[in-house]
Amino acid sequence: MQGEPEVAVLRYGHRPGRDDRMTTHVGLTARALGADRAILPGNASQSEETVADITDRFGGPFEVESTEELPATVRDWEGVVVHLTMYGEPVQDVIGDVQDARESDPLLVVVGGEKVPGEVYEEADWNVAVTNQPHSEVAGLAVFLDSLFEGRELSQEYEDARSRVIPQECGKRVEELE
Ligand code: SAM
């Protein structure tokens with residue numbers, strides 16, 4: 001969120017075709033729920049393009065980029081690393097410590113795909129579970145970011161938008177700004 005240390009989301013792994021929508025939704029959820037940047041695997045270029053298009057239309061600031069270096073992105077991160085996994089510590093138990101750490105340091109949130117290698121568990125400062133039940137990287141990311149920002153992200157303003165949704169009790173209204 002603007003004026004705060006960076007929160008970046010790394011999508012760790014992508015199976016082209018099968019994971020296209022899920023990887024796109026990781027990026028869109030990161031943007032909508034207060035993260036500053038999404039880092040997607042290099043083989044997810046369609047998802048990268050979609051997230052960039054949405055940012056162009058509905059505003060930012062939000063960056064999306066790709067990397068061929070997933071392990072190095074985690075290993076070399078200068079800040080704190082949270083890895084979301086059903087096997088981790090309950091989010092409600094550790095979120096206070098994560099909030100304290102990111103007051104001064106950028107935070108990398110790692111969400112997996114099919115399989116996350118063991119070194120990510122070891123390199124993470126926290127392995128965090130949003131319940132210890134299996135579900136989805138998109139759901140896990142959304143709940144984690146909402147816990148991190150304590151709901152402040154729900155009312156964030158977007159800059160340089162070309163379109164803006166005007167909330168309606170019923171129906172759809174989109175204002176075109178240019
Ligand atoms: N066995 C995996 C795990 O470690 O959570 C589930 C794989 S799931 C198909 C893909 C990703 O969803 C995981 O890598 C993790 O980032 C996220 N995920 C699934 N369930 C989660 C949970 N209960 N808490 C946090 N993240 C979860």
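Remember, it's 1-based here, ligands and their atoms both numbered in the order they're listed. Remember, predicted model here, so these are calculated numbers, not experimental data.
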Engineer: E48 side chain to T24 main-chain N or O, any donor-acceptor pair under 3.5 Å?
Structural biologist: no
Engineer: What I want to know is whether E137 and ligand 1 share at least one N or O pair that is separated by under 3.5 angstrom.
Structural biologist: yes
Engineer: Taking W77 for its side chain and P106 for its backbone only, find out whether a donor-acceptor pair lies under 3.5 Å.
Structural biologist: yes
Engineer: Strictly by modelled atom types, are E150 and Q99 linked by a side-chain donor-acceptor pair under 3.5 Å?
Structural biologist: yes
Engineer: Y121 vs H83 aromatic rings, parallel, tilted or perpendicular, using cut-offs 30° and 60°?
Structural biologist: perpendicular
Engineer: Charged N to carboxylate O under 4.0 angstrom, E176 versus R57?
Structural biologist: yes
Engineer: Could an N or O of ligand 1 be found under 3.5 Å from any N or O of G112, whether backbone or side chain?
Structural biologist: yes
Engineer: Closer than 4.0 angstrom, basic N to acidic O: yes or no for R152 and E4?
Structural biologist: yes
Engineer: Give yes if a backbone or side-chain nitrogen or oxygen of H135 is under 3.5 Å from a nitrogen or oxygen of ligand 1, and no if not.
Structural biologist: yes
Engineer: Output the list of atoms in ligand 1 that are nearer than 4.0 Å to some heavy atom of Y121, sorted by atom number.
Structural biologist: 4 (O)
Engineer: Would you check whether V130 has a nitrogen or oxygen atom less than 3.5 angstrom from a nitrogen or oxygen atom of ligand 1?
Structural biologist: yes
Engineer: Atoms of ligand 1 less than 4.0 Å from Y87 heavy atoms?
Structural biologist: 1 (N), 3 (C), 4 (O)
Engineer: Short list, please: which atoms of ligand 1 are under 4.0 Å from a heavy atom of G113?
Structural biologist: 7 (C), 9 (C), 10 (C)
Engineer: For atom 27 (C) of ligand 1, what's the nearest protein heavy atom and its distance?
Structural biologist: M86 N, 4.0 Å
Engineer: Are R75 and E123 within salt-bridge range, i.e. N to O under 4.0 Å?
Structural biologist: no
Engineer: With a cut-off of 4.0 Å, which atoms of ligand 1 are near a heavy atom of T131?
Structural biologist: 22 (C), 23 (N), 24 (N)
